[in-house]
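Numbering of residues begins at 1 and proceeds along the displayed sequence.
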Amino acid sequence: MQKLVSRPLSNPPKHSSYFFSHSVSKTTYDPPFSPISKPPKPKPKPPNPTPNGNPTPTKSSLPFGFRHSYSETDPTLEPIGFREPKRFSPFGPGRLDREWTGTSAPVRDEVDSCLVEEERIRVLGDPLTEEEIEELVEKYRHSDCARQINLGKNGVTHNMLDDIHNHWKRAEAVRIKCLGVPTLDIDNVCFHLEEKSGGKIIYRHINILILYRGRNYDPQNRPVIPLMLWKPYAPIYPKLVKNIADGLTFEETKEMRNRGLHSPALMKLTRNGVYVNVVARVREAFETEEVIRLDCTHVGTSDCKRIGVKLRDLVPCVPILFKDEQIILWRGKRDQERNSDISDANEKSSGT
């Protein structure tokens, strides 16, 4: 039995060869290596509209000069230097028909403010009724609203205007959430939003704004807004804090700084917080205190200086020290000015 199993088959079955030849003859034979197909021909490139390779400058009819930030920069304050050459426009080389001056791209032609205001009134149309305002506010004021733009420490930026008009294509209004330094002066933010976009603020609660586009707004005729390709370097401005404060001697300035550093903090500010009540608190504190300190731990050095500049103009006051994320503010010589004004008025009344 074992010999029979181990002996090889001398005559294989005839039907196997017949099946193989029969299957090959009737079916397509696929070799193990198929020929390589030729690569597809490249598609012809469309003709270049600019034969020299330079882009066509974009023309915009917006009646104001372009800046990176409209609400956080003062156009009347001239810088003393620049960190990059003026020829480096943030709009790209040859992409804008306006000249970049280092801080802005001013309008070339004269602007008729009356025509601009008439066009804005035409787009806004008739004022909204109370029912319409309530309906829009209820639709856009909630935190889960899809039509929202976050406004940070740079304030109302140039590219934000394009985002607003993109939302206005499909929605009547847009929700704007303000955080950081711009919340110190919400009135300024509202002014620039309405002036630059042409819309109207219909709702304002703490740091939440709703910007309405207008009854006659046409998305097909929206203004051309050339985008900034990068954020330009901030220019160099005069020193914010002087070695000797105006109206004080060197010894008095040093004493004021030491008093401020060792005094209890009036408020503790957080990074990207809401600072809508800071100005009122500082004004109230200056009625009884001469020097106050704001604790800005983890806020950042640049934001501390931005806060100091805002408070200097809004309170008003004199920032005398920025150290270890602490802001020391001096109220200035108000008592002496008041006494001098009162004495001048008494002299005039006695002379008459």
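- What you find for R147 and V174 is that their closest heavy atoms are O-CG2, 3.6 Å.
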Take I208 and I176, measure what side-chain contact (heavy atoms from CB on, under 4.5 Å) needs, and give me the verdict at the end.
CA-CA 6 Å; I208 303 298; I176 300 177; over 6 Å; no
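- One N or O on the side chain of E325 and one on the backbone of H298 form a donor-acceptor pair closer than 3.5 Å.
- Counting non-hydrogen atoms of neighbouring residues, nucleotides and ligands closer than 6.0 angstrom, the CD atom of E132 exceeds 12 such neighbours.
- Sparse packing is recorded around NZ of K242, with 12 or fewer heavy atoms of other residues, nucleotides or ligands lying under 6.0 Å away.
- When all heavy atoms are compared, the tightest approach of P319 to G308 is CG-O, 4.2 Å.
- If you look at Y70 and F64, their ring centroids are closer than 6.0 Å.
- Looking at heavy atoms from C-beta onward, I307 lies in side-chain contact with Y275 at the 4.5 angstrom threshold.
- When side chains are defined from C-beta on, L294 counts as touching L311, because their heavy atoms get closer than 4.5 Å.
- Side-chain atoms of N207 come within 3.5 Å of backbone atoms of C178 as a donor-acceptor pair (strictly under, hydrogens ignored).
- Taking the side chain as every heavy atom from C-beta outward, W100 and P90 approach each other to under 4.5 Å.
- The OH atom of Y212 lies 10.0 Å from the OH atom of Y140; values are rounded to the nearest 0.5 Å.
- H167 and A146 get closest at one heavy-atom pair: CE1-O, 4.1 Å.
- Atom CD1 of I210 sits about 9.5 Å away from atom CD of E138, to the nearest 0.5 Å.
- A donor-acceptor pair under 3.5 Å is formed between the side chain of R215 and the backbone N or O of D126.
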Would K333 and L248 count as a side-chain contact (heavy atoms from CB on, under 4.5 Å) here? Give the steps.
CA-CA 9 Å; K333 295 208 173 227; L248 297 177; 3.9 Å; yes
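- Under a cut-off of 6.0 angstrom, the local environment of OH in Y237 is crowded, with over 12 non-hydrogen atoms contributed by other residues, nucleotides or ligands.
- Ring pair F91/H158 is perpendicular by interplanar angle, where above 60° counts as perpendicular and below 30° as parallel.
- Taken together through direct or relayed side-chain contacts under 4.5 Å among Ile, Leu, Val, Met, Phe, Trp and Tyr, I206 and V278 form parts of separate hydrophobic clusters.
- The shortest side-chain heavy-atom distance between H165 and R213 does not fall under the 4.5 Å cut-off.
- Using modelled atom types, no side-chain atom of D324 and backbone atom of Q326 make a donor-acceptor pair closer than 3.5 Å.
- Within the 4.5 Å cutoff, no side-chain heavy atoms of R175 are placed close to those of I149.
- L124 and I133 end up in different hydrophobic clusters when Ile, Leu, Val, Met, Phe, Trp and Tyr side chains are linked at under 4.5 Å.
- Heavy-atom contacts from other residues, nucleotides or ligands closer than 6.0 Å to CD of E84 number more than 12.
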Trace of the salt bridge (Lys or Arg N to Asp or Glu O under 4.0 Å) decision for K254 with E251
CA-CA 5 Å; K254 186 176 180 180; E251 309 299 340; 5.8 Å; no
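- Cation-pi contact between R98 and F66: present, with separation from the ring centre below 6.0 Å and deviation from the ring axis of at most 45°.
- Heavy-atom neighbours of K200 NZ from other residues, nucleotides or ligands within 6.0 Å: at or below the threshold of 12.
- Within a 6.0 Å sphere centred on CD of E135, other residues, nucleotides and ligands contribute 12 heavy atoms or fewer.
- Remark: the backbone N or O of V189 is not paired with any side-chain donor or acceptor of S71 at under 3.5 angstrom.
- Here the closest heavy-atom approach between residue I327 and residue C304 is recorded as CD1-O, 3.5 Å.
- The pair E284-R281 does not count as a salt bridge, with every side-chain nitrogen at least 4.0 angstrom from each carboxylate oxygen.
- For D187 against R204, the heavy-atom pair with the smallest separation is OD1-NH1, 2.6 Å.
- One finds the CG atom of N277 at 9.0 Å from the OG1 atom of T183 (value rounded to the nearest 0.5 Å).
- Donor-acceptor pairing under 3.5 Å is recorded for the side chains of N166 and D162.
- In this model, a donor atom of one side chain and an acceptor atom of the other lie less than 3.5 Å apart for D295 and T297.
- Separation of atoms CG (L211) and CD (E172) is listed at 12.5 Å; rounding is to 0.5 Å.
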Between I328 and R257, does a side-chain contact (heavy atoms from CB on, under 4.5 Å) hold up when you go through it step by step?
CA-CA 7 Å; I328 310 302; R257 289 170 178 167; 5.5 Å; no
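- Closest non-hydrogen pair, P235 versus R83, comes out as O-NH1, 3.2 Å.
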For L321 and V241, run side-chain contact (heavy atoms from CB on, under 4.5 Å): C-alpha distance rounded to whole Å, both residues' side-chain angles, the deciding distance at 0.1 Å, then the answer.
CA-CA 7 Å; L321 183 63; V241 178; 5.7 Å; no
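- The hydrophobic cluster containing L136 does not contain V123, counting ILVMFWY residues as joined when their side-chain heavy atoms lie under 4.5 angstrom apart, directly or transitively.
- Side-chain atoms of S197 come within 3.5 Å of backbone atoms of L193 as a donor-acceptor pair (strictly under, hydrogens ignored).
- Linking Ile, Leu, Val, Met, Phe, Trp and Tyr whenever their side-chain heavy atoms come within less than 4.5 Å puts V279 and L269 in one cluster.
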Run R331 and E289 through salt bridge (Lys or Arg N to Asp or Glu O under 4.0 Å) and show every step you take.
CA-CA 8 Å; R331 68 180 180 184; E289 301 290 339; over 6 Å; no
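- Side-chain contact between M160 and L151: present, with at least one pair of heavy atoms (C-beta onward) separated by less than 4.5 Å.
- Checking H68 against E72 by side-chain atom types alone, no donor-acceptor pair falls below 3.5 Å.
- Looking only at side-chain heavy atoms (C-beta outward), W168 and Y217 come within less than 4.5 Å of each other.
- Counting heavy atoms from C-beta on, the side chains of R67 and T103 come closer than 4.5 Å.
- Tracing side-chain contacts under 4.5 Å through hydrophobic residues (I, L, V, M, F, W, Y), one reaches V309 starting from M267; they form part of the same cluster.
- Here OG of S263 is found 11.5 Å from CE of M256. Values are rounded to the nearest 0.5 Å.
- Under the 4.0 Å criterion applied to side-chain N and carboxylate O atoms, E195 and R120 are not assigned as salt-bridge partners.
- Distance check: R312 CZ to W330 CH2 gives 14.5 Å after rounding to the nearest 0.5 Å.
- With a 6.0 Å radius and a threshold of 12 heavy atoms from other residues, nucleotides or ligands, E130 has its CD atom at or below the threshold.
- The closest donor-acceptor contact from the side chain of T58 to the backbone of P226 lies at 3.5 Å or more, if one exists at all.
- Applying side chain to side chain contact (heavy atoms under 4.5 Å, CB included) to L184 and the options N188, I186, V181 leaves one that passes, V181.
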